[in-house]
Amino acid sequence: MHEIKMKILLSIPGHLKTVPMSKYIFQTLGEMGCEVTVFNYGVHGAYPKLLKAFSKNSFLNYSDKKLIQIVSRVKPDLFITVFGFDHRKEVIDQIKWKGIKTICWWLNDPFQIKRSIAQAGFYDYYFTNSKGSIKSYHDANIKKIFYLPVGSFPKVHRKLNISNCEYEISFAGDWSSLREKMLLDLSKDFNISIFGPWKKKLNKNSPLSKNVIEDGAFTPEEMVKIFNSSKIVLNIHTWFGQWNYGINPRVFEANGCGAFQISDYKEEIPEMYEPEKEIVLYTSISELKDKLSYFLQHSEKASEIAEQGFLKTIKHHTYKQRLKKMFSVAGIE
């Protein structure tokens, strides 16, 4: 695909500090030749103060007014929003009435499907990270819904020149009760290193506290260093055991770093990576334990899988590939 010469208004939730995909999308659009203007609907200069001083409805009125002002000034060819939290139908309608195509890329399925369905009908094109959720949209009479997972951003998710693996098995991510239960079980038999805001969630006497290496949010660059320093990167979707579909960003981020990844099975993953050759998947805690034990003893095999997963990622699973797909679906050439 040649460069796309068009003006895009990109609306992002800047208040989500641990969700960096907005930055990756912005930079990738620029690399593709687009002229991009960013509207930060989460902060826009005064989000915390306004929430304290006014009701949420007052803040939304303020945000809507700012957005329409920018639309009128920039006159974009395309409006894209990431998540689209709190964009109201009447505002999206105003943008559409100006002849501007509207797109929302929703990334929290399947666990926030109800919230998503409530807004999906606002847009000309709606994209979800969960192929398995599409039926729920169709059942809600939402037709222009398309599957589009995130990807890797090669300028960030990359191999580093780190020769020694400091961590045997690393987990980098937010706390959840499910994750705590699983990692506590695993820690009895394996050397688990946890990175993320965990200690405030753990009981003060929890034996898992000693496994928390770095407590608190980490930057994408810090995450990349963790992945490059780990023999095994463990991925546990927060909806493991509830839904067998929907993909989190870690699948692509870890593989994009050339890390050896073991992830819980999701229906979409084998469509993108060949199991046991480009990624390793598990469906139960007992299967996970068996695979952790095996690959800790077979590092050469793990390295082969990691390399194949890396090569597949940089070729097929980057943000540039995803945005090309988005534009193709939306009829943008």
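What you are looking at is a predicted structure, and each value in this text was computed from that prediction instead of being measured.
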Requested in this report: Check whether any side-chain N or O of Asn228 sits under 3.5 Å from a backbone N or O of Ile162 as a donor-acceptor pair, and report yes or no.
Outcome: no
Query raised in the report: Hey, would you say the Trp239 and Phe111 ring centroids sit under 6.0 Å apart?
Result: yes
Report task. For a side chain to side chain contact (heavy atoms under 4.5 Å, CB included) with Trp198, tell me which candidate from Leu183, Asp174, Asn211 qualifies. Result -> Leu183
Requested in this report: Please check if Phe227 and Ile305 belong to a single hydrophobic cluster, counting links between Ile, Leu, Val, Met, Phe, Trp and Tyr side chain heavy atoms closer than 4.5 Å.
Outcome: no
Requested in this report: Evaluate side-chain hydrogen bond (donor to acceptor under 3.5 Å, both in side chains) for Asn248 paired with Asn235, printing each intermediate quantity in order.
Outcome: CA-CA 9 Å; Asn248 67 15; Asn235 189 353; 2.9 Å; yes
Requested in this report: Decide yes or no for Ile169 and Ser193: does some side-chain heavy atom of the first lie under 4.5 Å from some side-chain heavy atom of the second?
Outcome: no
Requested in this report: Using a cut-off of 6.0 Å, state whether more than 12 heavy atoms not belonging to Lys131 lie near its atom NZ.
Outcome: no
**Report entry** Pairs where residues 294-311 contributes a residue and the test side chain to side chain donor-acceptor pair (under 3.5 Å) is met, not counting sequence neighbours
**Finding:** Lys159-Glu307
Requested in this report: Output yes when a side-chain donor or acceptor of Arg158 lies under 3.5 Å from a complementary backbone atom of Gly256, and no otherwise.
Outcome: no
Query raised in the report: Under a 4.5 Å cut-off applied to non-hydrogen side-chain atoms, are Leu10 and Phe39 in contact?
Result: no
Report task. Report the residues that fulfil salt bridge (charged side-chain N to carboxylate O under 4.0 Å, His left out) with Lys89, sequence neighbours left out, ordered by chain and then residue number. Result -> Asp93
Query raised in the report: Does any non-hydrogen side-chain atom of Met272 lie less than 4.5 Å from one of Ile247?
Result: yes
Report summary line: When every non-hydrogen atom of Phe79 is compared with those of Ile100, the smallest separation belongs to N-CG2, 3.7 Å
Requested in this report: Locate the shortest heavy-atom distance separating Lys324 from Met32; write the atom from each residue and the value.
Outcome: CG-CE, 4.0 Å
Query raised in the report: If every non-hydrogen atom of Asn40 is compared with every non-hydrogen atom of Pro13, which pair is closest and at what distance?
Result: OD1-C, 4.1 Å
Query raised in the report: With a cut-off of 6.0 Å (strictly less than), are more than 12 heavy atoms of other residues, nucleotides or ligands near CD of Glu214?
Result: no
Query - Neighbour count >12 (heavy atoms, 6.0 Å) for atom NZ, Lys200 - result: no
Query raised in the report: If we only count heavy atoms from C-beta on, is the Lys75 to Lys7 side-chain gap below 4.5 Å?
Result: yes
Query raised in the report: Who pairs with Glu278 by salt bridge (charged side-chain N to carboxylate O under 4.0 Å, His left out), at least two apart in sequence or on another chain?
Result: Lys312
**Report entry** Residues which pass side chain to side chain donor-acceptor pair (under 3.5 Å) with Glu276, listed by chain and number, not counting sequence neighbours
**Finding:** Lys291
Report summary line: Nearest heavy-atom approach of Asn244 to Glu268 is O-OE1, 4.5 Å
Query raised in the report: Judged by atom type as modelled, is there a donor-acceptor pair below 3.5 Å linking the side chain of Tyr245 to the main-chain atoms of Ser133?
Result: no
Query raised in the report: Quick one: do Arg250 and Glu253 make a salt bridge, cutoff under 4.0 Å?
Result: yes
Query - Side-chain heavy-atom pair Asp124, Lys96 within 4.5 angstrom cut-off - result: yes
Query raised in the report: Do Tyr147 and Ser130 have side-chain heavy atoms sitting under 4.5 Å apart?
Result: no
Requested in this report: Please state whether the rings of Phe85 and Tyr41 are parallel, tilted or perpendicular, taking 30° and 60° as the class boundaries.
Outcome: perpendicular
Query raised in the report: What residues, two or more places apart in sequence or in another chain, satisfy salt bridge (charged side-chain N to carboxylate O under 4.0 Å, His left out) together with Lys155?
Result: Glu31
Report task. Run through Phe310, Tyr319, Tyr24 and flag the one making a ring-ring contact (aromatic ring centres under 6.0 Å, His included) with His157. Result -> Tyr24
Requested in this report: In sequence, state the C-alpha distance, the side-chain angles, and the governing distance for Asp264 and Lys266, and then conclude on salt bridge (charged side-chain N to carboxylate O under 4.0 Å, His left out).
Outcome: CA-CA 7 Å; Asp264 51 315; Lys266 294 289 173 273; 2.8 Å; yes
Query raised in the report: Between Lys66 and Asp64, is there a side-chain N and carboxylate O pair less than 4.0 Å apart?
Result: no
Query raised in the report: Just wondering, are more than 12 heavy atoms of other shown residues or ligands nearer than 6.0 Å to NZ in Lys135?
Result: no
Query raised in the report: Which heavy atom in Ile269 sits nearest to a heavy atom in Ser263, and how many Å separate them?
Result: CD1-OG, 4.0 Å
Query raised in the report: Between Asp185 and Lys289, is the closest basic N to carboxylate O distance under 4.0 Å?
Result: yes
Requested in this report: Determine, step by step, whether Ser116 and Tyr126 satisfy the side-chain hydrogen bond (donor to acceptor under 3.5 Å, both in side chains) criterion, reporting the C-alpha distance in whole Å, the side-chain angles of both residues, the deciding distance to 0.1 Å, and the verdict.
Outcome: CA-CA 10 Å; Ser116 182; Tyr126 202 82; 2.7 Å; yes
Query raised in the report: Which residues satisfy the ring-ring contact (aromatic ring centres under 6.0 Å, His included) test with Tyr282, sequence neighbours excluded?
Result: Phe240
Query raised in the report: Do you know which two heavy atoms are closest between Phe218 and Glu222, and how far apart they sit?
Result: CA-OE1, 3.2 Å
Query - Side-chain heavy atoms of Met21 within contact of Trp105, under 4.5 Å - result: no
**Report entry** Side-chain (Glu287) to main-chain (Thr283) donor-acceptor, under 3.5 angstrom
**Finding:** yes
Query raised in the report: Are Ile25 and Val82 side-chain neighbours, meaning at least one heavy-atom pair lies under 4.5 Å?
Result: yes
